[in-house]
Amino acid sequence: MNLRDRILSLREEIQSSIGGITSAEMLEEFRLKHLVRKGTLQAMVEALRDVPVEEKPLAGKELNSLKAFAEGEYKRLKETFDNQGTAEELLDTTLPGRNAESGHLHIITQTMDEITRIFAALGFTVEEGPEIEDDYHNFEALNFPPDHPARDMQDTFHINDPVGKYLLRTHTSPVQVRVMERQKPPIRIIAPGRVYRNEAISARSYCIFHQIEGLVVDEGVTFSELQGTLLSFAKQFYGAKSVVRFRPSFFPFTEPSAEMDVTCYICGGKGCRICKGTGWLEILGCGMVHPKVLSNLNIDPEKYTGYAFGIGIERTAMLKYGIDDIRILYENDLRVLKQF
Ligand code: PHE
């Protein structure tokens with residue numbers, strides 16, 4: 001083997017042993033084998049003297065580059081090991097631990113929970129219903145006849161099923177129907193949940209949102225009881241100084257129907273950016289359960305009356321926390337979520 005080939009095979013050996021060095025001790029072995037005066041590289045330098053003149057330049061060049069490589073790698077690894085220390089030196093048992101970051105409930109869930117707690121304290125129990133509903137529970141039993149224009153108030157996602165009767169519920173009111181189907185009065189429930197509407201997405205509306213439905217049915221339930229209950233809710237949620245007002249509205253399943261506003265908790269009713277200068281915030285729809293809905297569900301409207309309400313959660317949370325674009329509630333950007 002000529003010298004050049006010996007140098008090349010030494011290079012292979014050096015390269016492969018460098019890849020296997022995992023400790024300062026192994027690095028020292030490497031140094032003693034290759035880099036000291038009696039090491040492999042110096043032996044090659046000496047052998048270079050005896051090669052024929054014409055082979056010298058090429059072999060010399062090869063050897064210089066190998067020496068530079070081996071020394072460079074040695075230096076690099078030495079620095080790594082010097083900075084590392086042993087596992088024992090590194091272990092400082094007095095250092096505080098690194099906490100695993102824990103998540104927390106989404107602002108919508110927090111808001112739903114808070115509202116649920118307030119109504120639970122007022123004697124309401126919690127009910128749930130399916131998000132995939134049928135036309136009967138979402139519309140028909142609630143006194144939306146087929147082709148009635150009131151259906152257009154709620155742009156519906158229909159499910160492509162063979163029967164053509166399933167849809168994504170557009171409100172939590174079908175839970176009213178399901179509860180009245182299986183329970184006789186007295187009824188006093190709330191139903192928090194997710195609803196879907198096929199609306200153009202904007203800062204104010206999204207295709208998914210959440211509501212809390214309320215339903216009370218019993219003998220002698222009055223509109224003033226509805227007002228008193230919702231006023232109590234508003235004072236607990238928005239602050240003791242809050243005042244509410246009711247404006248006439250329309251829903252097929254309640255009569256009379258109203259929308260409730262609460263005094264703007266930011267300006268206290270003087271008028272500001274959040275309430276658009278009116279001093280009032282619109283927070284829910286409500287009304288007395290329509291007699292037709294009761295009789296659809298075999299509850300005698302001559303004997304029983306009831307009230308119902310539906311609170312929009314996103315709107316409530318946005319007003320309470322000063323969020324001006326509903327879409328950020330669904331983007332799950334941690335920088336946003338961490339703020340609440
Ligand atoms: N379901 C109605 C809506 O989504 C709100 C509502 C609930 C109104 C209960 C009256 C009674 O718009």
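Both ligands and their constituent atoms are indexed starting at 1 by order of listing.
The shortest N or O to N or O distance between Thr254 and ligand 1 is not below 3.5 Å. Considering backbone and side-chain atoms together, Arg197 places an N or O closer than 3.5 Å to an N or O of ligand 1. Distances between N or O atoms of Gln211 and those of ligand 1 include at least one value under 3.5 Å. At under 3.5 Å, a nitrogen or oxygen of His171, whether backbone or side chain, sits near a nitrogen or oxygen of ligand 1.
Counting only N and O atoms by type, the side chains of Ser65 and Arg11 include a donor and acceptor under 3.5 Å apart. Donor-acceptor pairing under 3.5 Å is recorded for the side chains of Tyr330 and Glu314. Side-chain polar atoms of Ser232 and Gln236 form a donor-acceptor pair below 3.5 angstrom. Counted by atom type alone, Tyr307 and Thr229 present one or more donor-acceptor pairs between their side chains at under 3.5 Å.
At least one donor-acceptor pair closer than 3.5 Å links the side chain of Ser202 to the backbone N or O of Arg204.
Cation-pi geometry between Lys320 and Phe237 is met: under 6.0 angstrom from the ring centre, within 45 degrees of the axis.
Listed by atom number, the atoms of ligand 1 under 4.0 Å from Cys286 heavy atoms are 8 (C), 10 (C), 11 (C). Under a 4.0 Å criterion applied to the non-hydrogen atoms of Gly310, ligand 1 contributes the atoms 6 (C), 7 (C), 9 (C).
Nearest heavy-atom pair, Ala234 versus Val244, reported as atom, atom and distance to 0.1 Å: CB-CG1, 3.6 Å.
Closest to atom 2 (C) of ligand 1, if we only count protein heavy atoms, is Phe253 CZ, 3.8 Å.
Contact annotation: for Phe309 versus ligand 1, heavy atoms closer than 4.0 Å belong to the backbone alone.
Nearest to atom 8 (C) of ligand 1 by heavy atom, out of Phe251, Tyr307, Phe209, is Phe251.
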